[in-house]
There are 2 protein chains.
Amino acid sequence: MNRKATALDVAKLAGVSRSAVSLVLNGRGDGNVAKESQDRIRAAALELNYSPNAIALSLRNQRSRVIGILSDEVVVSPFDGNIIGGADDIARSRGFVTVVMDTERDSARDAGAIETLLDRQVDGLMYVTVGLKPIDVPQGMLRVPSVLANCYDALPQPQLHHVIPDEVTGGREAAEHLLQLGHLDIALLAGDEDSPAAPLRVQGYRDAHAAANVPLRGDRIFMAGWDIDAGYRGAMKLLDGVSPAERPTAIMCANDRLAVGVTLAAARLGLSVPGDLSVMGYDDETRIADTMVPALTTMALPLREIGRAAMTTLLDAIEGTDTTGKGTTVETMVPCRLVIRESTGPAPTR
Amino acid sequence: MNRKATALDVAKLAGVSRSAVSLVLNGRGDGNVAKESQDRIRAAALELNYSPNAIALSLRNQRSRVIGILSDEVVVSPFDGNIIGGADDIARSRGFVTVVMDTERDSARDAGAIETLLDRQVDGLMYVTVGLKPIDVPQGMLRVPSVLANCYDALPQPQLHHVIPDEVTGGREAAEHLLQLGHLDIALLAGDEDSPAAPLRVQGYRDAHAAANVPLRGDRIFMAGWDIDAGYRGAMKLLDGVSPAERPTAIMCANDRLAVGVTLAAARLGLSVPGDLSVMGYDDETRIADTMVPALTTMALPLREIGRAAMTTLLDAIEGTDTTGKGTTVETMVPCRLVIRESTGPAPTR
DNA sequence: TTGAAAGCGTTACCAG
DNA sequence: CTGGTAACGCTTTCAA
């Protein structure tokens, strides 16, 4: 627990002044400090295991090379934090570090957390959410370069760049996959009204049907929630006691948990997946979609890419390297990725 | 993006000196500063929306009221981060803030992350892991008060306090629950050899059988991995084509995903849960155990409590309020909690 | 080529 | 009761 070495300690050990230490260690020694002194300084720094005090640095430079990430519940929720992982990848590769604060879904804590981060001189701010959603941008975020990941400004005149998945296309391509397999009666368990993602995925599903000229039965879309039991109940409603001719041949789910519920229901009803029924997930949740039996065909949310894109935009703004002119754009849409596994197959012949 | 107000700005506006501002705003105005000046100062601070610069404060005080949390993969993994949530609860209630860094399972990044945190004057450090495991404590952690949550020092002479779940008791009580329901043939899908938690849970399972005087078949324990498909395969091996008399009447799983796989297998085999087979999970994973059909009886990991206990220990050490003498203890064990839902029931009569 | 000094925003000490 | 000054650790400018 003893004190860390300071630049002064290094200077003393090397027998030079503090300024020399600073110059050398910051690569501006040549032409300012004698070669020999440089070596002594470097040796001393190494010996004392010296690294500059970041606090003093921040105070002096008025910047910290720290990016603050405010999460609604990415940390505490059971959903993976790959947005943060992707953001961190980029930040580290560009010499920044990220620190995360999580408000556990209590947006009343947003402003305070932002202030805390700002008081610590973060050079930029990122707001990240588990699911796509509109947020009230905390005032403080306008004081430094900021970006929104997986969420967007609820105001009509958004002031911050946001990076989100292209849910409509995702929904469309998911449905297209099923359509291409010959399914003509595809039910949709669509999640929940109050998630902005749900209606977008529904839209994509409708678009795919329209484009393929396949008529859409209005009673095939259920706003069913997001959990296993909701998928189970939805599937039971669709399948239990229904004659094969009346059954949908595929069920497209707005997330993977719903698909687990559907698969479970099918098993209880003696229906094989994908023989009798194709089941499609969404999100590609780690350790769910890939390990289900059968493994789930799903539409992967590009979480890592969202994080990377958002951080890239942010750092470009901070470092003024924004040559793409993207600074004027407000929205980046990242495509979802179809992952074909084993839970979907050709429509059964009737 | 304009500069924040400093104490000097406040002083000027109020027509006093910086020191007066500092005294008043830190509650030590009475007896030092004229009542009238105090009011002017407070008014000025409010008007300028002044809050002290945390960086300067840290530099000055040599402490930051920030706790650094280093996570192996709590943030990015699909496992919930309630340890961090619990830790944050306590920290905030005691006037600290937490910042999280995640190394994404790359322990080579540990030391660097710790240095980063240390350079930013964190007052304390917590290392937290997703699953129980031994770690190589990064040297830097010994320089400030530190604690381990859900992990422990791999060395024979541990130097840091750690807080972990009581897995043996958890395993025992899970098995006892099944035993009390009359099950005499309980199979165990035990996870994976290389997790320290697995053998502890197995030990508890054995202990329960010994205490209840129920003989244990050696071929009933499978080190099966941790995922849905592993549970599925394990259950198939145990149940498929096996006569009712030869079948285990309950399967205890080392986590909830395994239990999902088991339930799915049972469904495919036409076995009802819990009628024909009781299924027990472990962990109480949010949105899995509680939403399965049937909802999973499980042994809840006390993640939130672990986080709270670890942070309490840490802050007590930092603030010197450690009156419990716990500072001398190296280990805190937090009990798991049996959560009875619908997947377990009385053993079928034969 | 080197060292001294100023300043980043704060608080604590000590004269006045 | 008040206000000036030093110090926290660093970088940068300027003078020697």
Side-chain angles (χ1 to χ4, degrees), chain A residues 2-41 44-45 48-66 115-116 118-123, chain B residues 2-41 44-45 48-66 115-116 118-123 143-144:
Chain A
N2 44 34
R3 232 178 81 275
K4 257 191 64 169
T6 74
L8 184 58
D9 298 326
V10 177
K12 272 195 276 196
L13 183 59
V16 299
S17 77
R18 286 211 288 295
S19 353
V21 173
S22 173
L23 283 175
V24 172
L25 265 29
N26 287 305
R28 268 170 309 121
D30 289 343
N32 286 313
V33 179
K35 270 271 180 307
E36 196 194 40
S37 302
Q38 295 198 28
D39 292 340
R40 276 209 315 282
I41 290 172
L48 296 177
N49 191 18
Y50 169 77
S51 73
N53 179 313
I55 292 283
L57 252 170
S58 302
L59 187 59
R60 170 70 232 223
N61 297 340
Q62 302 291 55
R63 35 185 211 69
S64 58
R65 300 198 79 77
V66 173
E115 283 309 319
T116 298
L118 246 21
D119 284 344
R120 310 210 79 78
Q121 305 270 39
V122 292
D123 293 343
Chain B
N2 44 36
R3 232 179 79 277
K4 260 192 61 170
T6 75
L8 184 57
D9 298 325
V10 176
K12 271 195 276 196
L13 182 59
V16 299
S17 77
R18 289 211 288 294
S19 348
V21 173
S22 170
L23 283 175
V24 172
L25 265 31
N26 288 304
R28 269 170 309 121
D30 289 344
N32 288 313
V33 179
K35 270 269 181 308
E36 198 194 39
S37 302
Q38 294 198 29
D39 292 340
R40 278 209 314 282
I41 290 171
L48 296 177
N49 191 17
Y50 169 77
S51 73
N53 179 312
I55 294 282
L57 250 169
S58 302
L59 186 58
R60 170 68 236 221
N61 297 338
Q62 302 290 56
R63 37 184 209 69
S64 58
R65 301 198 77 78
V66 173
E115 283 310 318
T116 299
L118 246 22
D119 284 343
R120 310 209 79 77
Q121 305 270 40
V122 292
D123 293 343
R143 302 174 54 89
V144 294

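In what follows, every chain begins at residue 1, and chains take the letters A, B, ... in the order their sequences are listed. Scope of the values below: all heavy atoms of this structure, side chains included, with no hydrogens, waters or symmetry mates.
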Look at Thr6(A) and dC8(D) and indicate whether a side-chain polar atom (N or O) is within less than 4.0 Å of OP1 or OP2.
-> no

Take the protein atom CG of Leu8(A) and the nucleotide atom C1' of dC8(D), then report the distance between them rounded to whole Å.
-> 12 Å

note: Leu57(A), atom CG; dG7(C), atom C1'; distance rounded to Å ~ 14 Å

Check whether any side-chain nitrogen or oxygen of Asn53(B) sits under 4.0 Å from OP1 or OP2 of dC8(C), and answer yes or no.
-> no

Any side-chain N or O of Gln62(A) under 4.0 Å from OP1/OP2 of dG9(C)?
-> yes

Mind calculating the distance between CD (Gln121(B)) and C1' (dC8(D)) to the nearest angstrom?
-> 9 Å

Any donor-acceptor pair under 3.5 Å from Ser64(A) side chain to Gln121(A) backbone | yes

Side chain Ser19(A) and base dA4(C) donor-acceptor under 3.5 Å | yes

Can you check whether Ile55(A)'s main-chain N or O pairs, donor with acceptor, with Asn53(A)'s side chain at less than 3.5 Å?
-> yes

When you look at Lys35(A) and Asp30(A), which way does the side-chain contact (heavy atoms from CB on, under 4.5 Å) test go after all the steps?
-> CA-CA 7 Å; Lys35(A) 270 271 180 307; Asp30(A) 289 343; 3.5 Å; yes

Closest non-hydrogen contact found for Tyr50(B) with Thr6(B) is CE1-C, 3.4 Å

Looking at side-chain heavy atoms only, is the closest gap between Asp119(B) and Ser51(A) below 4.5 Å?
-> yes

Candidate nucleotides dC10(D), dT2(C), dT10(C), ranked by approach to the side chain of Ala7(B) - the nearest | dT10(C)

Leu59(A), nearest nucleotide to its side chain (from dC1(D), dG9(D), dT11(D)) = dG9(D)

Atom NZ of Lys12(A) to atom P of dC10(D): distance rounded to whole Å?
-> 12 Å

Looking across every strand, which nucleic acid part, if any, lies under 4.0 Å from Ser58(A) by heavy atom: base, sugar-phosphate, or nothing?
-> nothing

Any side-chain heavy-atom pair of Leu23(B) and Gln38(B) under 4.5 Å = no

DNA chain C: Arg18(A) or Lys35(A), which has the more 5' nearest nucleotide?
-> Lys35(A)

Can you tell me if the side-chain N/O atoms of Arg28(B) get under 4.0 Å from OP1 or OP2 in dA12(C)?
-> yes

To the nearest Å, give me how far apart CG (Leu118(B)) and P (dG9(D)) are.
-> 14 Å

Phosphate-side-chain proximity, Asn26(A) and dT11(D), N/O vs OP1/OP2 below 4.0 Å = yes

Whole angstrom is fine here: how far is it from CD in Glu36(A) over to P in dT2(C)?
-> 9 Å

If an axis is fit to five pairs at each end of the helix from dT1(C)-dA16(D) to dG16(C)-dC1(D), what is the angle between the two, to the nearest 10°?
-> 70°

Reckon Tyr50(A) has a side-chain N or O less than 4.0 Å from the OP1 or OP2 of dG9(D)?
-> no

Test side chain to side chain donor-acceptor pair (under 3.5 Å) on Ser58(A) and Arg120(B) and set out the steps.
-> CA-CA 9 Å; Ser58(A) 302; Arg120(B) 310 209 79 77; 2.9 Å; yes

Distance in angstrom units between Asp119(A) CG and dG9(C) C1', rounded = 12 Å

Of Val10(A), Leu13(A), Val16(A), Val24(A), the residue whose pairing with Arg40(A) passes side-chain contact (heavy atoms from CB on, under 4.5 Å) | Val16(A)

Closest-nucleotide ordering on DNA chain D, the 5'-leading residue of Ala20(B) and Arg60(B) = Ala20(B)

Please give, in whole Å, the distance from dG7(C) P to Ile55(B) CD1?
-> 21 Å

